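I have placed the structure first, in the form of structure tokens, so that the comments after it can refer back to it.
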Amino acid sequence: MAEYNAMEIMICVAARELENGATVGVGTGAPCAAAMLAQKTTAPDLVIMFEAGGIYPTLPEMPISVGDSRTFYKAAMAGSMGDIMEACSRGFVDYTFLGGAQIDMYGNLNSTVIGNHAKPKVRFPGSGGANDFASFCWRMMVMTPQNNRRFVEKVDFLTTPGWLQGGDSRAKSGLPLGSGPYKIITDMAIMDFEPQSKRMRVISIHPGYSFKDVQENCGFELLKAPQLADTPAPSDEELRLLREEIDPYRYVIGR
Amino acid sequence: MAEYNAMEIMICVAARELENGATVGVGTGAPCAAAMLAQKTTAPDLVIMFEAGGIYPTLPEMPISVGDSRTFYKAAMAGSMGDIMEACSRGFVDYTFLGGAQIDMYGNLNSTVIGNHAKPKVRFPGSGGANDFASFCWRMMVMTPQNNRRFVEKVDFLTTPGWLQGGDSRAKSGLPLGSGPYKIITDMAIMDFEPQSKRMRVISIHPGYSFKDVQENCGFELLKAPQLADTPAPSDEELRLLREEIDPYRYVIGR
Amino acid sequence: MNIIDQGQGELFLDPDPDKAREFFRTKNRKQVNKVMDLKDAIARFVKDGDYLAIGGFGANRTPIAACHEIVRQKKKNLGFAGHTSTHDMEVLSAGEVYDRIDVAYVIGLEARGLSPCSRQYMESGKVKVTEWTNYSLAARLRAAAMGVPFVPTRNVMGTDTIKYSAAKTVECPFTGKKVVLMPALYPDVSVIHVHEADVYGNARFRGIAVADIDLANASKRLIITTERLIHSDEIKRDPSATRIPYFLVDAVCEVPYGAYPGTMPYEYFSDEAHLREWLNVEKDPAEFKAFLAKNIFDCKDHEEYIARNGGMKKMLELRAKELLLFKEV
Amino acid sequence: MNIIDQGQGELFLDPDPDKAREFFRTKNRKQVNKVMDLKDAIARFVKDGDYLAIGGFGANRTPIAACHEIVRQKKKNLGFAGHTSTHDMEVLSAGEVYDRIDVAYVIGLEARGLSPCSRQYMESGKVKVTEWTNYSLAARLRAAAMGVPFVPTRNVMGTDTIKYSAAKTVECPFTGKKVVLMPALYPDVSVIHVHEADVYGNARFRGIAVADIDLANASKRLIITTERLIHSDEIKRDPSATRIPYFLVDAVCEVPYGAYPGTMPYEYFSDEAHLREWLNVEKDPAEFKAFLAKNIFDCKDHEEYIARNGGMKKMLELRAKELLLFKEV
């Protein structure tokens, strides 16, 4: 079996979640790499949208920015941020991939501050389009390394909505009905959410890890699916595509 | 003095109201003819906008429709209805010229129905963009023949806002502050509105008519300005421009 | 939300964005070939009872061929968005295909006069009418395009136009000022005519947009009629020119002169003589019936309609007129 | 209007459309020559204390030359719309020109990492912060562009993002659903970089629009920086291509490579090495000070900045990169 690093397995596993013919709103970095890998493997007709306005480009290389020229290279349309976000708002976009500094058991994300808002200990970039994508897209997915610093009991600042306080709290919040977090993909496991409580639940463990590893690298109690799957390792072909075609300069997978 | 018809004097008088460098939202027919005449006389830099999206065209001839190709011929921009109406809404448009089947003493217009709305005696086109222009543009002007059928005590249907019920009723209505009817131009006279009551007031009488003629051709009591002006007759040059350059096929002035 | 004032007009469509989302979720996102005959597109996507909207502006970049086909197929009980509907409404009224209408501007053909046929139908009592304005209907499409149940505007207050609409006046919680909420309008099906589209439905047009971008985004089903099909490589070469992205589109129909007898900017000007013929012939019911038989019901398609009204010679004349080829400016 | 929930963040600008109308009423509607030096435009139209917005998207079609000039002129106490502000914010933070900010995305340069300088300034307590999202800020500009005090959206509910915003949640009177009202944002002054403009300010650009059309409409004062001036006849020849009409514009500044070191679509790609240099040098205050002297304060203008960073040779390299001239795709 090939060697691979934490970023590589996250990208490969994430790519497999995207079905052919779906629409996905992505940012730069790992989400974009996952979408590009999906296009080259199981989802050749995956429709990629970038929040600044690029619709269905033929990506010649990894974009550096969600607004750079590559995001609308040989695209169906170079539109506006409104075109993208309102397509999401109308229910045209199936998936989004997000990240964040912190995530809680309901999939809520913090990308705003650690500490006090007025004079924060650490200031992060803020929502950007993350809250918008998570509010509007049908299925929000997260790619993030598994550790106690990121997986926390309570996020310092709830930037981007997951299942909020769990249960029916999101349904009652006013956010579009039927949207919400779907899968959380880390370097150790795949999680989904238990349908009633909306609590994070481990459903598949990556090679070399156990449920115990995952739990130990999580700041809250994880649920466990009745049958835990074994995540297939990245295939040689997945790794080749990722390393040779998608990210030859290791911008993302070299992190 | 040259001969002229009712439509010709209305157009000539209306054109003189438009100052150079103003913006005006116009429809087809007499309003457009007046704006074109103004451009060729006292207001060479008059900026014409058409509600379907044409901004500042170089009109090669009279448009047939406010959306036809002439409305954006050699224009600054061929935009959208939103571009125009929202420029009006933001306060960028100084004047508009409207008409209607009925007008009351507060400058309210009916272009919807005579009789019952559900099964009208006469159905007219409806507001179109008239209500929008009259709501948003700073100064609304009306061009209409003077007669008892049109100038009525109460419009059957208040399609387009004038000063509503007079006094401060428009200011209280929620319509943009400071906008409202400005001048009414007929084939007999020019009217404005008395500042407090907002009732229609005759300020200038066209050649050959008296205040009595105007009042007799009006279904409500008109106020009279302290000093009534005599409207100058259309000049030979105005008539030449109108007949030879603006409306050579007499689409408008032949009515 | 305290409602200060509200129209008593009927709201013909549900402005609920979650219901619209459920529908839009089902639309295919793949770039697949959507080219079909206009006849098939109308048969498949315009169902009796649907709420219909037509792009363009009356007789400007308006899919008149599609309006003819809707009448030819004798669609019934449609709802209709009458936002400066002129010749399109005249055609649809001739077929009495609609029975409820959101009105901004109807019956008239602007400077050309009024359509007796449209007027009679509107005065017949057979049509349920809710009143709006051009911008109000544009704003309703904007709300739908944004995926929200309404947007605010500052027109219509104090008038009967709002009274016979389905809008509501509320107080703005930021400024204390009154604003009117225009409910979202998600047409069941719309037809928009463009200059160029690829087989997937990526479409572009020149000249004024009217409200067509919002209309395209707001519509549950969208039929594009196009003067010309172009290769998808051409779309990809200049994606900034795309005005309507493919995923909104259900059918792409290549219909040259599809806006005739209206104007298609940079292509052909309106056939004013023929539009006058329409208006004149409507005055006599028997004559009008024969006229409709000749021009709609007995025509196989738009090509035949054009052949019966001057064919290519006429089209070249209208092109010359549109481009001012024989006029010094 | 019953307010269900509302943010506690400060609203930095008045969303009252009547006040905006009073201002817009005073703007000149004539097509007059507005060409001026960027230095003069910034001196004249960006006043200490103004609320500033920058077009483009961080380092894409972003008027970086104008950001340098704002810093060079030591503007102070500006408000700032931080909607995916990346390198523009990095420059403005270096000058500490702003003291209040509406945040959607700040500090970061996307895949390139975070700006230590922007971060320090944001963590200093010197900056008042209200939180939004990219779409929320776009919606706020849309509301202003429409001349209304708010538009509704369906994002942010249930989060701290709304809690630290100045948005309000209300119940939709049509559907009973909750919606968030985003207050209109009318910036005092904005700068947008485009490919081409005429001397009057009619402007066009290629590639994604981001939120620049709404921004142009929403702004009280608008400075256009353009890669090239074009003759007004060219605008008139193709008015469909105009994205920003002249009457919105106060100044037109011809600034070739005005988005450098960011990307200008179809013209030049970002200078990643130089952007990395910015990020690295910020780690050392003394080094950063010298870097700013060299690249901003001691530069007469953008041309000198470019000359100090590779000049025409570098520009041609970036053009080749943008156009993928040496890469098979």
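Keep in mind it's a predicted model, so treat the numbers as computed, not measured. A, B, ... follow the sequence lines: proteins, then strands. Residue 1 opens every chain.
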Check your understanding: For chain B, which residues from residues 261-268 of chain C lie under 4.5 Å away (heavy-atom distances)?
Key -> Thr263(C), Pro265(C), Tyr266(C)

Point to revise | Distance-minimising heavy-atom pair for Ile64(B) and Glu110(C) | key: O-CB, 3.8 Å

Revision key, fill the gap. Whatever's closer than 4.5 Å to a heavy atom in chain C on Val155(B) counts as neither

Practice item. Please report the closest heavy-atom contact between Asp160(C) and Asp156(B), naming both atoms and the distance. Key: OD2-O, 4.3 Å

Review point. By number, which residues in residues 53-62 of chain C have some heavy atom less than 4.5 Å away from chain B?
Key: Phe57(C), Asn60(C)

Check your understanding: Atom CZ in Arg123(B), atom OG in Ser124(C): separation rounded to 0.5 Å?
Key -> 12.0 Å

**Study point:** Contact leader toward chain B among Met157(C), Lys126(C), Arg112(C), Lys128(C), where contacts are heavy-atom pairs under 4.5 Å
**Key:** Met157(C)

Review point. Could you state the interatomic distance from OG1 (Thr112(B)) to OH (Tyr164(C)), rounded to the nearest 0.5 Å?
Key: 10.5 Å

Review point. Can you tell which of Arg142(C), Lys177(C), Arg119(C) has the highest number of heavy-atom pairs within less than 4.5 Å of chain B?
Key: Arg119(C)

Check your understanding: Is there a side chain to side chain contact (heavy atoms under 4.5 Å, CB included) between Phe157(B) and Thr161(C) once you walk through the steps?
Key -> CA-CA 8 Å; Phe157(B) 190 101; Thr161(C) 304; 4.0 Å; yes

Point to revise | Straight-line distance of Ser69(B) OG to Glu322(C) CD, nearest 0.5 Å | key: 3.0 Å

**Study point:** Segment of Phe124(B) engaging chain C (4.5 angstrom heavy-atom cut-off)
**Key:** both

Revision key, fill the gap. Correct closest heavy-atom pair for Gly54(B) and Ile208(C) would be N-CG2, 3.6 Å

Check your understanding: So which part of Thr159(B) gets closer than 4.5 Å to some heavy atom of chain C, the side chain, the backbone, both or neither?
Key -> both

Point to revise | Contact class of Thr28(B) relative to chain C, heavy atoms under 4.5 angstrom | key: side chain

Study note, to complete from the structure: Heavy atoms of Leu324(C) and Arg70(B) approach each other most closely as CD2-NH2, 3.6 Å

Practice item. Please work out which of the three classes, parallel, tilted or perpendicular, describes the rings of Phe136(B) and Tyr135(C), given edges at 30° and 60°. Key: perpendicular

Review point. With only heavy atoms counted, which part of Val66(B) is less than 4.5 Å from chain C, the side chain, the backbone, both or neither?
Key: both

Point to revise | Distance-minimising heavy-atom pair for Val156(C) and Ser135(B) | key: N-OG, 3.4 Å

Practice item. Identify which of Met89(C), Met122(C), His83(C), Arg206(C) forms the greatest number of heavy-atom pairs closer than 4.5 Å to chain B. Key: Met122(C)

Practice item. Go through the atoms of Leu164(B) and report whether side chain, backbone, both or neither lie under 4.5 Å from a heavy atom of chain C. Key: side chain

Exercise for review: Look at Leu137(C), Ile107(C), Val106(C) and state which one has the largest set of heavy-atom pairs under 4.5 Å with chain B.
Suggested key: Val106(C)

Review point. If you count heavy-atom pairs under 4.5 Å with chain B, which of Glu123(C), Glu272(C), Lys178(C) comes out on top?
Key: Glu123(C)

**Study point:** Verdict with reasoning, Asn131(B) to Thr159(C), per side chain to side chain contact (heavy atoms under 4.5 Å, CB included)
**Key:** CA-CA 9 Å; Asn131(B) 182 303; Thr159(C) 66; 3.6 Å; yes

